[in-house]
Amino acid sequence: MSNASILAGLIGAGIQASRTPAMHEHEGDAQGIRYLYRLIDLDQLKLDSSALPELLTAAERMGFTGLNITFPCKQAIIPLLDELSAEARGIGAVNTVVFKDGKRIGHNTDCLGFAEGFRRGLPDVARNRVVQMGAGGAGAAVAHALLSEGIEQLTIFEVEASRAQGLVDSLNAHFGAGRAVVGQDLAGALGAADGLVNTTPVGMAKLPGTPVPVELLRPELWMAEIIYFPLETELLRHARSLGCRTLDGGSMAVFQAVKAFELFTGQPADAARMQAHFHSMNG
C-alpha cells in the first residue's frame, strides 16, 4: 500500500475546528500512504446543503477517493447516492461516501464509532432507561448504537416532533415495539433514567449552552456527549461536578474516523495511534 494515494474531504457547515483531517493524514503518514484530506466548509463557501449535488460531482471529477459528511448534510445526501450499506440504510443517515467503480456508496461509521466509545468508556453502566436529546443524523446513529448495546428503552426528545416520531418508528421497526418512545416530560424522563446522551449541537463552541436544564442532573445519572469542540461542554462539566460517570465526544470522533479510514484506504487503522493523536491536538 506504500505507493497508494488518497484524496478525501469533509463536507459540512462550520467545520474549521474539525480534527478529522489531521487524524486521517497522520494515520496515512504512519502507514506510508500519501493522504490528503480537505475541508469543504459550506459556511466558508457561503453555500448550504442544496449545493450537495454540485459538490459530489466536483469531487468525483477531481478524483476524490471519498468524503465524510457532517451536519447538516447526513440525511440530505442520501438521495444523491447509488448504494447504501446496511447500517446507513437502517439508520437513515450517511457520514461517509466512497467513490468506487463509478458509484457513490454511502456508509455510516457514526453508529460503530459511538458504540465502540461507549463500550470502552462506560462499560458497566445501568442500561434500563436512557434519555437522548436530538433526532438528527448523528442522533439516529447514536440511537441505533444505544439499542444495539442493550439499552432497554430510549426516550428521544427533539424540537421537531415529526423528526422524533420518524426516528422512533424506525427504531421500533428495527429493534422491536416499545424500545424507543418520543419524550414528552423531560424532568420526569430524566428522573427515571439511568443515562443521558446529547446528540444535539447545543454545547458546541459556536452554540453554547446546555440542551437540558442542569438542575435536572443528579449524581446517579451517567452522561455521554458527542460534541468534541469543546471536549468538555457545559453539560459535561456540570455532570462531572456532580460526580456523574461521563463520556466525552472524543471517543466517537476517533472511532468513526478509524472506520472511515479503513473504508477509504482498504487498510486497517491503528485505533490507539489515532486516539493518541486526537488527544495530542487538545491545545
Side-chain angles (χ1 to χ4, degrees), residues 10 12-24 39 68-74 91 93 95-96 108-123 125 130-146 148-149 151 154 156-158 195-212 214 217 221-242 244-261 269 271-272 274-283:
L10 174 65
I15 52 175
Q16 293 303 307
S18 174
R19 298 180 191 177
T20 300
M23 277 196 289
H24 280 259
L39 288 179
N68 283 130
I69 309 296
T70 191
F71 178 82
C73 304
K74 290 181 180 185
I91 294 162
N95 79 327
T96 305
N108 191 302
T109 71
D110 281 336
C111 181
L112 294 167
F114 182 84
E116 185 66 26
F118 183 73
R119 281 195 293 268
R120 293 180 184 219
L122 294 170
V125 290
V130 172
V131 169
Q132 176 175 309
M133 306 305 295
V142 168
H144 270 255
L146 287 166
S148 297
E149 289 299 307
I151 301 305
L154 188 63
I156 296 173
F157 288 85
E158 160 67 49
L196 167 66
V197 183
N198 178 38
T199 74
T200 77
V202 178
M204 291 176 70
K206 63 179 181 179
L207 198 62
T210 63
V212 302
V214 293
L217 299 177
L221 203 62
W222 55 262
M223 198 259 138
E225 180 66 87
I226 70 166
I227 292 167
Y228 73 83
F229 196 80
L231 205 51
E232 184 169 76
T233 60
E234 193 178 329
L235 186 63
L236 210 54
R237 188 167 65 251
H238 277 281
R240 283 176 176 158
S241 73
L242 289 172
C244 300
R245 291 185 62 183
T246 60
L247 180 69
D248 66 43
S251 59
M252 180 173 169
V254 170
F255 291 113
Q256 67 78 20
V258 166
K259 185 63 182 170
F261 182 95
M274 288 182 79
Q275 200 164 23
H277 185 243
F278 176 89
H279 288 291
S280 78
M281 293 186 273
N282 263 344

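All values derive from a computational prediction rather than experimental measurement. For the numbers below, each heavy atom of this structure counts, side chains included, while hydrogens, waters and symmetry mates do not.
Q256 and D110 form no side-chain donor-acceptor contact under 3.5 Å, judged by distance and modelled atom types alone. Side-chain contact of E234 with T210: a donor-acceptor pair under 3.5 Å is absent, judged by distance alone.
Here the CG atom belonging to L242 is positioned 9.5 Å from the CG atom belonging to L221, to the nearest 0.5 angstrom. Taken from CZ in F261 to CE in M23, the straight-line distance is 12.0 Å, to the nearest 0.5 Å. Atom CG of L196 sits about 11.5 Å away from atom OG1 of T246, to the nearest 0.5 Å. If you take CZ on R19 and NE2 on H24, they are separated by 14.0 Å, rounding to the nearest 0.5 Å. Here the CD atom belonging to E149 is positioned 4.5 Å from the CZ atom belonging to R119, to the nearest 0.5 angstrom. Of the inter-residue distances, the one linking L39 atom CG with T20 atom OG1 reads 8.0 Å to the nearest 0.5 angstrom.
Under the 3.5 Å distance criterion, the side-chain polar atoms of E225 are left unmatched by any main-chain donor or acceptor of L236. Remark: side-chain polar atoms of Y228 are not paired, donor with acceptor, to backbone N or O of M252 under 3.5 angstrom. R245 places no side-chain N or O within 3.5 Å of a backbone atom of W222 that could act as its donor or acceptor partner. Panel note: side chain T199, backbone M133; a donor-acceptor pair is recorded below 3.5 Å.
Side-chain contact between V212 and F157 is absent, with no heavy atoms from C-beta onward closer than 4.5 Å. Within the 4.5 Å cutoff, side-chain heavy atoms of F255 are placed close to those of R120. Between L10 and S18 there is a side-chain heavy-atom pair separated by less than 4.5 Å.
Residue M281 comes nearest to A22 through the heavy atom pair SD-CB, 3.5 Å, listed as atom of the first residue, atom of the second, then distance. In terms of heavy atoms, A205 sits closest to P230 at N-CD, 3.5 Å. Across all their heavy atoms, C111 and I91 have their closest contact at CB-CD1, 3.5 Å. Scanning all heavy atoms of the two residues, the minimum distance from G117 to L247 falls at O-CD1, 3.7 Å. The heavy-atom pair separating D248 from S251 by the smallest distance is O-OG, 3.6 Å. Contact record, V254 with A271: CG1-O, 4.3 Å, taken as the closest heavy-atom pair.
Using a 4.0 Å cut-off between charged nitrogen and carboxylate oxygen, E116 and K259 do not count as a salt-bridge pair.
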side-chain contact (heavy atoms from CB on, under 4.5 Å), that's the test. Do V142 and F118 meet it? Break it down for me. CA-CA 10 Å; V142 168; F118 183 73; over 6 Å; no
The test is side-chain contact (heavy atoms from CB on, under 4.5 Å); show your working for N198 and T233 and say whether it passes. CA-CA 10 Å; N198 178 38; T233 60; 5.9 Å; no
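For the side-chain contact (heavy atoms from CB on, under 4.5 Å) with N108, the lone residue among N95, I69, T96 that qualifies is N95.
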